[in-house]
Amino acid sequence: MACRVVDLPAGRWQWQLGHRITSLAELSRFLRLSDEERAGIEAAGTRFRWALTPFVTSLMDPEDPACPIRRQFIPSAAELDTGPGEGDPLHEDRNSPVRGLVHKYPDRVIIMVTGQCAAFCRHCTRRRLVGQVDRAMTERQFLACVSYIREHEEIRDVLLTGGDPLVGGDAWLETLLRHVRAVPHVEIVRIGTRAPVVLPQRITPELCEMLGRYHPLWVNIHVNHPKEITPEMTAACDRLSRAGIPLGSQTVLLRGVNDDEATLKELCHRLVRVRVRPYYLYQCDTVAGTSHFWTPVERGLELVSSLRGWTTGLCVPAFVVDSPLGKIQLAPQNLVAREGDSVLLRGYTGETCLVHNPVPAPA
Ligand SMILES: *Cc1c(COP(=O)(O)O)cnc(C)c1O
């Protein structure tokens with residue numbers, strides 16, 4: 001399946017996109033596929049778009065079907081079990097005043113600038129939109145979003161997401177950034193991407209130089225497992241950081257991929273070593289076709305509790321459950337009781353102590 005990239009001819013990242021693996025026959029040249037994976041590709045691979053960059057394929061353990069990279073990117077027959085989930089559990093479509101733009105919070109919006117991705121995550125929250133057509137937003141469609149932002153002076157933060165905005169070419173992306181930056185009340189721009197993980201070649205010096213002209217710009221990277229922090233990803237993050245772009249990570253809690261303390265701790269440690277600040281740990285959204293990845297909400301709470309205090313504060317993401325109301329943070333309840341001039345608080349080890357707080361509690 002050929003990918004139509006928005007602009008630019010040859011180059012290493014375009015080669016990666018042009019040589020994506022999209023068939024069982026091709027993939028079985030690189031991996032010893034299990035019967036379950038073969039069945040998954042045949043049954044579910046057409047239901048939600050399936051494609052792998054050669055780079056992300058190279059991260060897969062050729063022998064082990066339990067490999068966390070394989071689990072995230074190879075279709076599974078479990079995706080056909082759409083009963084337990086919903087198409088749009090976060091009610092994004094209902095909160096979309098202009099096509100492609102979601103306005104759920106008072107001061108910020110997201111714009112889904114493309115339905116394309118370099119590789120398609122099997123746990124994708126936007127599988128209703130992503131991977132349907134190899135098409136990015138046109139300048140005209142984007143301008144309709146920018147008009148909405150112009151009319152809403154309360155919007156100070158614009159997040160470009162998708163799909164993956166970095167699958168588009170530099171010129172297209174720069175056009176979007178120029179338009180959004182021309183709105184005086186937009187203070188910060190953010191980009192959400194998985195390119196450093198699945199297509200690190202995309203983070204070229206030219207891209208970084210261009211992005212650096214649109215500051216303040218922040219980038220959040222979707223990273224789920226320590227295996228994703230490769231030398232290539234590290235170099236890509238370094239280039240972005242040197243362009244003055246603060247990096248954060250968004251990790252989705254996935255059963256069988258990262259739902260254990262050791263994996264998550266190693267991930268968070270490795271992220272800060274490559275100067276990526278763990279931002280959010282997401283409860284997996286209950287999107288139809290993803291139920292094999294779900295964990296109980298309590299598990300996420302346990303996992304963040306296993307980090308907080310036990311390691312550097314910078315390594316600890318906020319655990320959030322996304323919802324029609326927006327993201328809801330869950331944190332351990334550490335305020336145990338008020339006792340006169342003090343509060344009884346629970347520390348990270350589980351012990352409690354009285355902390356002096358001689359101010360009356362609000363009525
Ligand atoms: C996640 C999200 C944002 C950004 O949320 P932050 O907590 O500011 O990172 C904005 N709008 C929508 C619709 C979102 O889903």
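First listed ligand is number 1; within each ligand, the first listed atom is number 1. Being a predicted model, the structure only gives us computed values, none of them experimental.
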Assess, by modelled atom type and distance only, whether the side chains of Ser23 and Glu26 contain a donor and an acceptor separated by less than 3.5 Å.
yes

Honestly, is Arg190 close enough over Trp218, meaning NZ or CZ under 6.0 Å from the six-membered ring centre and within 45° of the axis?
no

To the nearest 0.1 Å, how far is atom 6 (P) of ligand 1 from its closest protein heavy atom, and which atom is that?
Tyr279 OH, 3.4 Å

Starting from atom 12 (C) of ligand 1, which protein heavy atom do you reach first, and at what distance in Å?
Ile110 CG2, 3.7 Å

Can you tell me the protein heavy atom closest to atom 7 (O) of ligand 1 and the distance?
Tyr280 OH, 2.5 Å

Quick one: does Arg308's side chain have a donor or acceptor within less than 3.5 Å of a partner on Trp310's backbone?
no

Does any N/O atom on Lys104 come nearer than 3.5 Å to any N/O atom on ligand 1?
no

Check for a donor-acceptor pair, side chain of Asn220 on one end and backbone N or O of Gly192 on the other, with a separation under 3.5 Å.
no

Residue and atom name of the nearest protein heavy atom (relative to atom 15 (O) of ligand 1), distance in Å to one decimal
Lys327 NZ, 3.0 Å

Taking CZ in Arg273 as the centre, count heavy atoms belonging to other residues, nucleotides or ligands within less than 6.0 Å. Is the count above 12?
no

Numbering the atoms of ligand 1 from 1, which are under 4.0 Å from a heavy atom of Val102?
13 (C)

If you count every heavy atom of other residues, nucleotides or ligands that lies below 6.0 Å from Arg213 atom CZ, does the total exceed 12?
yes

Should the proximity of Leu159 to ligand 1, defined as any heavy atom under 4.0 Å, be assigned to the side chain, the backbone, both, or neither?
side chain

One residue to check: Arg190. Relative to ligand 1, which of side chain, backbone, both or neither has a non-hydrogen atom less than 4.0 Å away?
side chain

